[in-house]
Amino acid sequence: MTGNRQPSGLTFDQLLSRQLREAGWTRREFLARVAAFGAATALTQLLVACGQAGGSPSAPAATSAATPGATTAAIATPEITAAPTPVPSPEKELFVYNWDEYIGEDTVKKFEDKYGIKVTYDNFPDEPTQIGKIQSDGKGGGYDVTYPASTWIPQFSADGTIRKLDHSLLPNLKNLSAPWQNPGYDPGNAYSVPNYWWTTGYAWNPKKVKGDLTSWAELWKPDYKGRMYMLDDQREVFAAGAFRLGLSPNTTSAAELDQILQLLEEQKPLLRDYSTDDIAGITGGDVDISHCWSGDWVQMTYDAPDTKYVIPSEGAVKGNDVMVVLAGAPHPIAAHLWIDFNLDGDISAENTNYIGYMGPNEAALPKLESYIVDDPRLNPPPEELAKLTELSYLAPADQALYTDRWTALKA
Amino acid sequence: MTEAVAQPDGAVRSTGQRGDRLATGFLVLPGVIWLAILFLAPLVIIGVISVGSLDASGRVTLANPSLANYLEALNPEFLPALGRSLYYAGVTTVLSLGIGYPVAYWISRYGGRRKILLLVLVMLPFWTSYLIRTYAWMIILRDNGVVNSLLRSVGLIDDPIRILNTDISVILGMTYGFLPFAILPLFVSIDRLDFSLVQAARDLYASGRGAFLHVTLPLTMPGIVAAGLLTFIPALGDYVTPDILGGAETTTIANIVQVIFTSGRDWPYGSALGFLLMAVTIAGTLLALRSLRREVVGAPA
């Protein structure tokens, strides 16, 4: 499966990827984790705090040399109106902020070649860093385009972090499959364009765990004591507990959350760790069962082809991320061109085929690798998909209910 | 003081002293600026945020400053995590001193011309990021990692033993990480020790053990205290090692602060808890220093 991903001449990056994968790592995990604790991150967050507390727009600290944030203050924000100039001439530059290893191998280069726009492509290691950075000045931290989880869209559109999209610049929106034309978090895709989507279930090693697992209850079985991971993700862990109890994973009832917490307290002694190293955990043999995202399972199968994955029968989370144009985007036209480019059927297919996450693109379907598109676990039929739940945005007061219980669980 | 002796005239002496004070002031200036920017400023920021709250869209607001976050941070549910932090830091400190003292002693006494080289070797790990070294431990300790493979290939075990994600892996990682911080101050104090005093003790029929206990150890106590503090304090605040090498049951109080800041997105609450911990750490350190100083000063010197 990885064969089609390896060109003849390996770059340093790819060589590093291969080395790390042999050591039980993907490059993305590795970089993400290294950066997650890096001093640069701490500094950025500190400055973010500074800006937020003082109410003054702060210049975000550089997480990398190429960060455009430093120049933000000097760039006047061009206004994009509902009725744009008929033939907009794009800017010569574009600042994109995304996960590492989360796009087709040549997508950036192809975009640059097609439009003659120089792309500065920065990566963030985790969501808190991403959100902290784009909120540092309340309008995007100097970036044009970023990729938040769809749950953020109601807040970001309301508080002005992102701008309304100009659909006349996005003719490829027609490529989105019908359910994605009008998603619940953003009716009519007014502010965002769906990028990839996934389910959250669990993966297991069939050599160590016998049978066809279908229920969340397996993750509470003493048989697997010390051989299981739950994701180190507050919402996902509480969602798993909620599904076991037949509750909504978006509950904000303190009583229901207490019930879920009690269930999770029972599970904790059986777990080896709360970890987002799910891929290495399974392929490295540390655990036999791991709560995980569907795309991570695809990456597990690159090293451990037998690994199984299930979307549990009680219900599961489905999620997606989106492309948005930030409010302070210095290059709004180029940003729209970027989004439209990624909505192209061929480009979308290349993105999915490279990283294993399904896209919402109808035009890309015929070009997707069969092991992705034909697998009901990665691409469930519509009736199965309808049973899954999207996590909704939590207002700070509700978020606090979760945080209190999550810290109590972990302590 | 020597100047005072050299200068017969009082006026000249005072000018000299003023000049000295001025020069000293200039020398201190970079340090003061450094501390002000990199220590005090962040501290003030955290302090200010800690009395704030979150507005409806989740941003920090100082509209209604209050101490509510501090009251919330005094949460008895955090006690197990706090206990674990103290336990890991305590064991790490004892191990670092226990391993570091003989190493420092040996380098100082028997290092000879290679002293510098040996010290560079002690510091060599710093040339690689702590994070990458900790990940290396992960690869070494995991179920089919280096240690388990080795034990299995020599037939000592059949099934892999679980080392990663336990208290042992956390303490091992922390001791590995903080050991150089213990060795360096220990080396300095042992190296400065006038060994003729030890010889004098031996001449006066002290046993080797007696000379060590009554001469070497008390005279190197400042180094031991410095090494202990340099290990204990950062170990108490460590969240990287328990996060990477730990498991479901190794959460430290620093991990809790981390969770509140990241997935909780509640900076005021996290700042309050962080501030509280810092205050406790500083108070504890001062207390320990005071009692130790009394002991050290009271020791035969």
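These values consider heavy atoms only, across backbone and side chains, with no hydrogens, waters or symmetry-generated copies. So that the names make sense, note that chain A is the first sequence line, chain B the second, and so on, each numbered from 1. Since this is a predicted model, take the numbers as computed values, not measurements.
- By the 6.0 Å contact criterion, CZ on Phe126(B) is enclosed, its count of non-hydrogen atoms from other residues, nucleotides or ligands being greater than 12.
- Within 6.0 Å of the CD1 atom in Ile168(B), the count of heavy atoms belonging to other residues, nucleotides or ligands does not exceed 12.
- Few gaps surround CD on Glu265(A); more than 12 heavy atoms of other groups in view lie less than 6.0 Å from it.
- For residues 263-290 of chain A, the ring pair (Phe, Tyr, Trp, His ring centres under 6.0 Å) pairs, not counting sequence neighbours, are Tyr274(A)-Trp406(A).
- When each of Asn165(B), Val259(B), Asp266(B) is scored by its heavy-atom pairs under 4.5 Å with chain A, the top score falls to Asn165(B).
- Contacts of Leu409(A) with chain B are absent, with no heavy-atom separation under 4.5 Å from either backbone or side chain.
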Pairs under 3.5 angstrom only: tabulate donor-acceptor contacts from the side chains of residues 268-283 of chain B to other protein residues two or more places apart or in another chain.
| from | atom 1 | to | atom 2 | distance (Å) |
| --- | --- | --- | --- | --- |
| Ser271(B) | OG | Trp267(B) | O | 2.7 |
| Thr281(B) | OG1 | Leu277(B) | O | 2.7 |

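- For CG of Asp223(A), the number of neighbouring non-hydrogen atoms (other residues, nucleotides, ligands) closer than 6.0 Å is greater than 12.
- Looking at Phe156(A), neither its backbone nor its side chain comes within 4.5 Å of chain B, counting heavy atoms on both sides.
- Without hydrogens or angle criteria, Asn144(B) side chain to Gly284(A) main chain gives a donor-acceptor distance under 3.5 Å.
- Within a 6.0 Å radius of CG in Asn64(B), no more than 12 heavy atoms belonging to other residues, nucleotides or ligands are found.
- Of the atoms belonging to Ile253(B), not a single heavy atom falls under 4.5 Å from chain A.
- Contact annotation: the side chain of Met138(B) approaches that of Asp277(A) to within less than 4.5 Å [non-hydrogen atoms, C-beta and beyond].
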With side chain to side chain contact (heavy atoms under 4.5 Å, CB included) as the test, would you mind laying out the steps for Gln399(A) and Leu54(B) before giving the verdict? CA-CA 11 Å; Gln399(A) 173 69 53; Leu54(B) 296 177; over 6 Å; no
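- Taken to the nearest 0.5 Å, the CD atom of Glu236(A) stands 12.5 Å off from the OG atom of Ser263(B).
- Shortest non-hydrogen contact noted between Ile256(B) and Thr407(A) is CD1-O, 3.6 Å.
- Counting only heavy atoms from C-beta outward, the side chains of Asp232(A) and Asp243(B) approach each other to under 4.5 Å.
- The choice from Arg162(B), Glu72(B), Arg84(B) that makes the most heavy-atom pairs within less than 4.5 Å of chain A is Arg162(B).
- Counting heavy atoms from C-beta on, the side chains of Arg265(B) and Thr403(A) never come closer than 4.5 Å.
- For Asn255(B), no part sits under 4.5 Å from any heavy atom of chain A, backbone or side chain.
- Contact annotation: the side chain of Thr262(B) never approaches that of Glu127(A) to less than 4.5 Å [non-hydrogen atoms, C-beta and beyond].
- The shortest side-chain heavy-atom distance between Asp404(A) and Glu77(B) does not fall under the 4.5 Å cut-off.
- Here Asp143(B) pairs with Arg272(A) in a salt bridge; the nearest charged N to carboxylate O distance falls below 4.0 Å.
- Interface remark: of the candidates Ala56(B), Gly264(B), Ala41(B), Gly264(B) forms the most heavy-atom pairs closer than 4.5 Å to chain A.
- Open room surrounds NZ on Lys208(A); 12 or fewer heavy atoms of other groups in view lie less than 6.0 Å from it.
- The heavy-atom pair separating Glu249(B) from Pro269(A) by the smallest distance is OE2-CA, 3.4 Å.
- Counting heavy-atom pairs closer than 4.5 Å to chain B, the top residue among Ala395(A), Ala158(A), Gly138(A) is Gly138(A).
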